[in-house]
S.K.: 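Let me give you the structure first, and then I'll get to my questions.
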Amino acid sequence: MTGTAGLSQDELKKLVGYKAVDDHVKSGMVVGLGTGSTAAFAVDRVGQKLKSGELKDIICIPTSERTREQAEKLGIPLCTLNEKSHIDVSIDGADEVDPDWNLVKGGGGALLREKMVEIVSDKFICIVDESKLCKGLGPGFPLPVEITPFCHEHTMRVVSKLPAIAPYLKEAVLRMGSSSTNKRDGDNIAITDNGNYIVDLHFKEILKDAPAAASQLKNTVGVVDHGLFINMATEVIVAGKEGVYI
């Protein structure tokens with residue numbers, strides 16, 4: 001445990017971002033770099049340790065254009081999954097974490113690339129502050145679903161009626177403005193890095209069966225991918241009022 005009393009949310013995010021890199025990233029590794037405000041601190045730490053010479057001969061795979069730009073500014077060597085299909089460790093945040101370590105991710109719009117990178121990682125280290133922990137997925141944070149622009153209204157209707165979704169759903173909202181936030185900040189439909197749309201599913205109740213919801217979403221034609229990350233995290237590092245814990 002590290003003392004964290006009185007630290008701001010950003011300072012807590014920095015603690016877990018740095019700890020994930022210090023504990024899990026070693027020279028010679030292929031490393032997946034996550035997206036979002038917490039993951040950005042982990043990217044900073046990788047850049048620092050490369051610059052100081054503490055880390056050598058690592059190559060990183062970014063999960064978004066934003067992360068790629070940040071990593072390039074820090075001089076971090078990058079590649080894509082085309083060059084490296086196997087990753088030693090990925091570090092990324094989450095929007096919700098349930099007691100089974102199932103996650104909701106994609107508030108920042110990078111869920112497809114994050115999932116592609118993290119699914120082929122030996123270890124996926126999830127870094128969060130305590131506010132992201134929940135009893136069950138659903139009401140605390142909208143679930144993002146990346147869908148094709150073609151007939152998107154139709155796909156939204158189909159998704160809203162899925163048996164593992166419909167009983168708990170309050171509303172399905174098409175993301176507008178910037179794809180990197182689920183708050184409406186513009187009048188145009190948000191476009192992901194992959195040229196798709198995002199529908200955010202707002203729930204009134206906890207999803208009773210998150211794995212079933214994940215499966216039904218994935219099997220819906222028109223859905224590219226979704227923000228339920230089921231059985232993917234190998235470790236969750238949490239910064240809370242009492243300290244940093246795993």
Side-chain angles (χ1 to χ4, degrees), residues 8-14 16-17 32-44 62-73 90-98 102-118 126-134 137-149 152-153 155-156 159-160 165 169-204 207 213-214 217 223-229 232-233 238-239:
S8 69
Q9 193 176 28
D10 267 356
E11 288 165 329
L12 293 174
K13 289 176 178 180
K14 183 176 176 178
V16 290
L33 300 177
T35 295
S37 57
T38 310
F41 286 111
V43 179
D44 281 344
T63 54
S64 66
E65 292 305 307
R66 271 176 299 150
T67 300
R68 179 183 61 75
E69 287 165 12
Q70 181 193 359
E72 282 177 347
K73 282 183 187 145
S90 288
I91 300 170
D92 204 357
D95 300 305
E96 276 196 312
V97 183
D98 79 3
N102 294 320
L103 317 174
V104 167
K105 291 173 52 53
L111 56 118
L112 173 62
R113 296 189 187 189
E114 288 170 345
K115 195 174 279 187
M116 287 178 73
V117 165
E118 285 144 22
C126 179
I127 50 175
V128 292
D129 64 83
E130 222 164 29
S131 69
K132 306 294 169 63
L133 304 182
C134 63
L137 305 180
F141 197 91
L143 170 63
V145 182
E146 189 160 342
I147 62 174
T148 58
H152 67 277
E153 290 174 359
T155 303
M156 284 175 69
V159 162
S160 298
I165 298 282
L169 187 66
K170 186 163 91 182
E171 60 177 343
V173 180
L174 190 64
R175 195 174 289 193
M176 305 295 285
S178 160
S179 69
S180 63
T181 169
N182 61 9
K183 308 285 183 281
R184 185 184 180 121
D185 58 2
D187 296 326
N188 296 319
I189 297 173
I191 308 288
T192 68
D193 284 347
N194 319 300
N196 297 312
Y197 294 170
I198 291 181
V199 54
D200 289 300
L201 303 179
H202 295 252
F203 292 99
K204 58 193 177 194
L207 283 170
L217 285 165
V223 170
V224 180
D225 219 316
H226 55 79
L228 286 168
F229 284 51
M232 283 180 62
V238 183

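Everything numeric here is computed off the predicted structure, so don't read it as measured data. Note that the numbering runs from 1 along the sequence shown for the chain.
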S.K.: Who pairs with E72 by salt bridge (Lys or Arg N to Asp or Glu O under 4.0 Å), at least two apart in sequence or on another chain?
M.R.: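 Per chain and number, E72 pairs via salt bridge (Lys or Arg N to Asp or Glu O under 4.0 Å) with R68.
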
S.K.: With sequence neighbours excluded, tell me which residues meet salt bridge (Lys or Arg N to Asp or Glu O under 4.0 Å) with K115.
M.R.: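 Partners of K115 under the salt bridge (Lys or Arg N to Asp or Glu O under 4.0 Å) test: D225.
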
S.K.: Of all the heavy-atom pairs spanning G195 and P149, show the shortest one and how long it is.
M.R.: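 Looks like O-CG, 3.5 Å.
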
S.K.: Nearest 0.5 angstrom please: L33 CG to R66 CZ, how far?
M.R.: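 Reported to 0.5 Å precision, the distance equals 13.5 Å.
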
S.K.: Which residues pass the side chain to side chain donor-acceptor pair (under 3.5 Å) test with D200, not counting sequence neighbours?
M.R.: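 Applying side chain to side chain donor-acceptor pair (under 3.5 Å) to D200 gives R175.
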
S.K.: So, using side chain to side chain donor-acceptor pair (under 3.5 Å) as the criterion, who are the partners of E130 when residues are at least two apart?
M.R.: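 Once residues adjacent in sequence are excluded, the partners of E130 under the side chain to side chain donor-acceptor pair (under 3.5 Å) criterion are Y245.
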
S.K.: Compare every heavy atom of A239 with every heavy atom of L12, then report the nearest pair and how far apart it is.
M.R.: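 Taking L12 first and A239 second, the nearest heavy atoms are O-CB, 3.5 Å.
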
S.K.: If the condition is side chain to side chain donor-acceptor pair (under 3.5 Å), which residues does S179 pass it with, not counting sequence neighbours?
M.R.: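 So S179 forms no side chain to side chain donor-acceptor pair (under 3.5 Å) with any residue.
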
S.K.: Can you measure from CG (L111) to OG1 (T35) and round to the nearest 0.5 angstrom?
M.R.: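 It comes to 10.0 Å.
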
S.K.: Do the side chains of L201 and I165 get nearer than 4.5 Å, heavy atoms only?
M.R.: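 In short, these two side chains touch, coming nearer than 4.5 Å.
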
S.K.: Can you name the side chain to side chain contact (heavy atoms under 4.5 Å, CB included) partners of T38, sequence neighbours left out?
M.R.: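 T38 satisfies side chain to side chain contact (heavy atoms under 4.5 Å, CB included) with K13, V16, I127 only.
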
S.K.: Distance check, rounded to the nearest 0.5 Å: F229 atom CZ versus C126 atom SG?
M.R.: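 Interatomic distance, F229 CZ to C126 SG, rounded to 0.5 Å: 9.5 Å.
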
S.K.: Can you tell me how far apart CG (N196) and CD1 (I147) are? Round to the nearest 0.5 Å.
M.R.: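 Answer rounded to 0.5 Å: 8.5 Å.
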
S.K.: Tell me if a side-chain donor or acceptor on E96 pairs with a main-chain N or O of G140 at a distance below 3.5 Å.
M.R.: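 Indeed, once roles are kept as given, a pair shorter than 3.5 Å links the two residues.
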
S.K.: Only counting residues at least two apart or in another chain, list the ones meeting side chain to side chain contact (heavy atoms under 4.5 Å, CB included) with S131.
M.R.: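 S131: side chain to side chain contact (heavy atoms under 4.5 Å, CB included) contacts with Q9, D129.
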
S.K.: Looking only at heavy atoms, which two atoms of I91 and A42 are closest? And how far apart?
M.R.: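 Smallest heavy-atom distance, with atoms named: CG2-CB, 3.8 Å.
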
S.K.: Considering non-hydrogen atoms only, spot the tightest contact between P144 and G107 and give its length.
M.R.: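 Heavy atoms of P144 and G107 come nearest at CG-N, 4.0 Å.
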
S.K.: Atom NE2 in H202, atom CG in L169: separation rounded to 0.5 Å?
M.R.: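 H202 atom NE2 to L169 atom CG measures 9.0 Å (nearest 0.5 Å).
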
S.K.: What residues form a ring pair (Phe, Tyr, Trp, His ring centres under 6.0 Å) with F203, not counting sequence neighbours?
M.R.: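 Expected list: none.
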
S.K.: Can you name the nearest heavy-atom pair linking G177 to D185, along with the distance?
M.R.: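 Minimum heavy-atom contact is CA-OD1, 3.2 Å.
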
S.K.: Return the set of residues passing side chain to side chain contact (heavy atoms under 4.5 Å, CB included) with A40 (not counting sequence neighbours), or none when no residue passes.
M.R.: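 Here the qualifying residues are Q70.
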
S.K.: Under the side chain to side chain contact (heavy atoms under 4.5 Å, CB included) rule, what do I189 and M176 come out as? Steps first, then yes or no, please.
M.R.: CA-CA 4 Å; I189 297 173; M176 305 295 285; 4.0 Å; yes

S.K.: What's the spacing between K73 NZ and D44 CG if we round to 0.5 Å?
M.R.: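 That separation rounds to 11.0 Å.
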
S.K.: Who passes side chain to side chain contact (heavy atoms under 4.5 Å, CB included) against I191, sequence neighbours left out?
M.R.: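 For I191 the side chain to side chain contact (heavy atoms under 4.5 Å, CB included) partners, ignoring immediate neighbours, are Y197.
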
S.K.: Quick one: side chain to side chain donor-acceptor pair (under 3.5 Å) partners of S178, sequence neighbours excluded?
M.R.: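 Side chain to side chain donor-acceptor pair (under 3.5 Å) check on S178 returns S180.
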
S.K.: With sequence neighbours excluded, what pairs up with D95 under the salt bridge (Lys or Arg N to Asp or Glu O under 4.0 Å) test?
M.R.: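 Residues passing salt bridge (Lys or Arg N to Asp or Glu O under 4.0 Å) with D95: none at all.
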
S.K.: Would L228 and L137 count as a side chain to side chain contact (heavy atoms under 4.5 Å, CB included) if you check the C-alpha gap in whole Å, the side-chain angles of each, and the deciding distance to 0.1 Å?
M.R.: CA-CA 9 Å; L228 286 168; L137 305 180; 3.7 Å; yes

S.K.: Is the closest basic N to carboxylate O distance between E146 and R113 below 4.0 Å?
M.R.: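 Salt bridge: no.
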
S.K.: Closer than 3.5 angstrom, by distance alone: can the side chain of E114 be matched with the main-chain N or O of G34 as a donor-acceptor pair?
M.R.: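 Judged by distance alone, no pair lies under 3.5 Å.
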
S.K.: Show the numbers, then the answer: is there a side chain to side chain contact (heavy atoms under 4.5 Å, CB included) between T155 and V223?
M.R.: CA-CA 7 Å; T155 303; V223 170; 4.1 Å; yes

S.K.: Between V104 and P142, which heavy-atom pair has the shortest distance, and what is it?
M.R.: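 Distance-wise, the nearest heavy atoms are CG1-O, 3.9 Å.
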
